[in-house]
Amino acid sequence: MLNLSSGGGNGNFIRFSPQANAWTNSQGEEIQLKKVIFDVDNVQTGWLLLGVGVRDWQPDAAVGRKGAQPTPEHKRGFNVSFYNKQLGTCEWSSNGVGPNMGLEQLYVKCMEERKALPLNESLVPVCEYKGSKLEKIGKGTTRIPQFDVVDWIARPAGMDAGGGDEVAAPAPAPATAPVAKTVAQRAVEENDDEMF
C-alpha cells in the first residue's frame with residue numbers, strides 16, 4: 001500500500017534503532033515511546049539517503065507512488081509526524097527495513113479502522129507502542145516496531161501549533177448507551193487527557 005520496499009523535516013525528531021531496540025530523541029537521549037497521535041493524513045513516502053552528516057529526502061508525488069531512485073544509495077523510506085504533550089510534534093523518518101515494515105503495518109491498520117468510523121475524516125488515531133518484533137530478513141535480522149490503534153480523537157490544536165496545550169473541540173460521542181467505567185478505565189482516560 002505504501003510501496004516502501006526497496007527495489008526536510010523539523011528539528012524535533014525521534015528515531016527507532018533496530019540494533020539497539022530503542023527510541024531516541026533529537027538530543028540523542030533514549031526515550032520510552034508510549035501513546036502518540038499519528039498524523040495519518042500527512043504521511044510521506046519517498047527515497048531517503050542517510051549517512052554521516054547527510055540526509056537527502058526525495059518525497060514521492062503521492063503516498064506510495066514510487067518515483068525514480070535518485071542514486072543507488074537512496075533507499076525507500078518515510079516521513080511521518082507523531083504528537084503528544086511530552087514530545088510535542090515530532091518527525092519520525094527512516095529507510096530501514098524494520099521501521100518501514102512497522103510503519104506500513106500501522107498505516108494499514110489506521111486506514112482500515114478509519115473506514116468504519118463516523119465522521120472518519122475529522123479524527124486522528126491514538127497509537128500505543130507495544131515493543132518490537134525480531135524478524136529474520138534475508139541473511140540478517142531486524143526489529144519491527146509494533147503499534148496498536150487504541151482510540152480515535154479530534155485533532156489536538158497543539159499538534160499544529162508546535163506542541164501547545166490547547167485541544168480541538170471533542171469529537172461527537174457515538175450513539176450508544178452509557179457504560180459504567182472502572183476506576184482503572186477512568187485513570188487511563190485521565191492519563192490520556194494529560195498526554196494530548
Side-chain angles (χ1 to χ4, degrees), residues 1-10 12-18 21-25 31-50 55-67 69 74-84 87-135 137 142-156 158-160 168 171 192 195-196:
M1 182 176 242
L2 294 179
N3 204 5
L4 289 171
S5 61
S6 266
N10 66 32
N12 188 23
F13 63 84
I14 58 174
R15 296 289 177 258
F16 177 73
S17 170
N21 193 25
W23 291 89
T24 54
N25 63 17
I31 61 170
Q32 299 301 312
L33 192 68
K34 296 179 183 175
K35 288 184 182 177
V36 291
I37 293 173
F38 172 36
D39 191 357
V40 71
D41 296 311
N42 292 300
V43 171
Q44 289 184 319
T45 55
W47 294 99
L48 179 59
L49 171 63
L50 292 173
R55 181 184 187 277
D56 182 34
W57 171 241
Q58 301 293 322
D60 295 334
V63 172
R65 187 176 300 154
K66 191 188 289 192
Q69 185 175 9
H74 282 77
K75 298 179 185 174
R76 292 298 291 162
F78 64 85
N79 190 50
V80 300
S81 293
F82 285 161
Y83 170 80
N84 68 29
L87 294 171
T89 299
C90 62
E91 173 189 282
W92 176 34
S93 63
S94 181
N95 65 359
V97 173
N100 279 354
M101 292 171 74
L103 189 273
E104 176 102 26
Q105 291 169 4
L106 176 59
Y107 184 83
V108 169
K109 277 184 203 176
C110 290
M111 298 315 280
E112 287 174 357
E113 283 194 22
R114 179 177 258 181
K115 290 176 189 174
L117 294 174
L119 306 172
N120 59 23
E121 294 300 321
S122 64
L123 302 177
V124 290
V126 176
C127 303
E128 184 173 11
Y129 177 63
K130 303 301 277 185
S132 66
K133 179 175 123 183
L134 186 65
E135 188 159 317
I137 306 288
T142 190
R143 289 194 170 273
I144 303 169
Q146 304 289 297
F147 294 90
D148 283 342
V149 179
V150 296
D151 200 2
W152 288 83
I153 65 171
R155 185 180 183 91
M159 190 169 186
D160 298 315
D192 284 352
M195 293 182 75
F196 309 115

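Because the structure is a prediction, the values reported are computed rather than measured.
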Enquirer: Distance check, rounded to the nearest 0.5 Å: His74 atom NE2 versus Leu50 atom CG?
Expert: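 Reported to 0.5 Å precision, the distance equals 9.0 Å.
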Enquirer: List the steps and the verdict of side chain to side chain contact (heavy atoms under 4.5 Å, CB included) for Tyr107 and Val40.
Expert: CA-CA 7 Å; Tyr107 184 83; Val40 71; 4.0 Å; yes
Enquirer: Show the numbers, then the answer: is there a side chain to side chain contact (heavy atoms under 4.5 Å, CB included) between Glu112 and Val108?
Expert: CA-CA 6 Å; Glu112 287 174 357; Val108 169; 3.4 Å; yes
Enquirer: Ignoring hydrogens and angles, tell me if any N or O in the side chain of Thr89 forms a donor-acceptor pair with the backbone of Met159 under 3.5 Å.
Expert: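 Indeed, once roles are kept as given, a pair shorter than 3.5 Å links the two residues.
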Enquirer: Does Phe38 reach the side chain of Phe82, with side-chain heavy atoms less than 4.5 Å apart?
Expert: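 Yes - at least one pair of side-chain heavy atoms lies under 4.5 Å apart.
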Enquirer: May I ask you to decide if Gly67's main-chain N or O and Trp47's side chain share a donor-acceptor pair within less than 3.5 Å?
Expert: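 Confirmed, Trp47 side chain pairs with Gly67 backbone.
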Enquirer: Measure from the side-chain N and O atoms of Arg55 to the backbone N and O of Leu49, and report whether any donor-acceptor pair falls under 3.5 Å.
Expert: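 No, Arg55 side chain to Leu49 backbone: no donor-acceptor pair under 3.5 Å.
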Enquirer: Are the side chains of Asp39 and Arg155 in contact, using a 4.5 Å heavy-atom criterion?
Expert: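 Yes, close enough: below the 4.5 Å cut-off.
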Enquirer: Would you check if Thr45 and Arg65 make a side-chain contact, meaning some heavy-atom pair closer than 4.5 Å?
Expert: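 Counting from C-beta outward, Thr45 and Arg65 never come under 4.5 Å.
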Enquirer: State, yes or no, whether a side-chain contact exists between Asn84 and Lys35 at a heavy-atom distance under 4.5 Å.
Expert: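 Of all side-chain heavy-atom pairs linking Lys35 with Asn84, none is under 4.5 Å.
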Enquirer: Counting C-beta onward and ignoring hydrogens, is there a side-chain heavy-atom pair between Val124 and Ile153 closer than 4.5 Å?
Expert: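 Answer yes - side chains close enough.
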Enquirer: Checking the side chain of Arg114 only, and the main-chain atoms of Leu123 only, is there a donor and an acceptor separated by less than 3.5 Å?
Expert: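 Between the backbone of Leu123 and the side chain of Arg114 there is a qualifying donor-acceptor contact (under 3.5 Å).
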Enquirer: Begin from the C-alpha positions of Arg15 and Glu91 and carry the test side chain to side chain contact (heavy atoms under 4.5 Å, CB included) through to its verdict.
Expert: CA-CA 9 Å; Arg15 296 289 177 258; Glu91 173 189 282; 3.9 Å; yes
Enquirer: Taking side chain as C-beta onward, heavy atoms only, is Pro125 less than 4.5 Å from Phe147?
Expert: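 No - every pair of side-chain heavy atoms lies 4.5 Å or more apart.
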Enquirer: Where does the angle between the aromatic ring planes of Trp23 and Tyr129 fall among parallel (under 30°), tilted (30 to 60°) and perpendicular (over 60°)?
Expert: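 Plane angle over 60°, so perpendicular.
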Enquirer: For Val80 and Asn42, what are the C-alpha separation, side-chain angles and deciding distance, and is it a side chain to side chain contact (heavy atoms under 4.5 Å, CB included)?
Expert: CA-CA 7 Å; Val80 300; Asn42 292 300; over 6 Å; no
Enquirer: Which residues pass the side chain to side chain donor-acceptor pair (under 3.5 Å) test with Asn21, not counting sequence neighbours?
Expert: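 By the side chain to side chain donor-acceptor pair (under 3.5 Å) rule, Asn21 matches Ser132.
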Enquirer: What I'd like to find out is whether the side chain of Asp151 reaches to under 4.5 Å of the side chain of Glu128, using heavy atoms alone.
Expert: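 Side chain of Asp151 against side chain of Glu128, heavy atoms only: no contact under 4.5 Å found.
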Enquirer: Below 4.5 Å, heavy atoms only, C-beta onward: do Trp57 and Ser93 meet side chain to side chain?
Expert: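 With C-beta onward as the side chain, the pair stays apart.
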Enquirer: Do the side chain of Gln105 and the main chain of Gln146 share a donor and acceptor less than 3.5 angstrom apart?
Expert: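 Answer holds: no.
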Enquirer: So, the side chain of Asn12 versus the backbone of Leu87: is there a donor-acceptor pair under 3.5 Å, distance only?
Expert: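 Yes.
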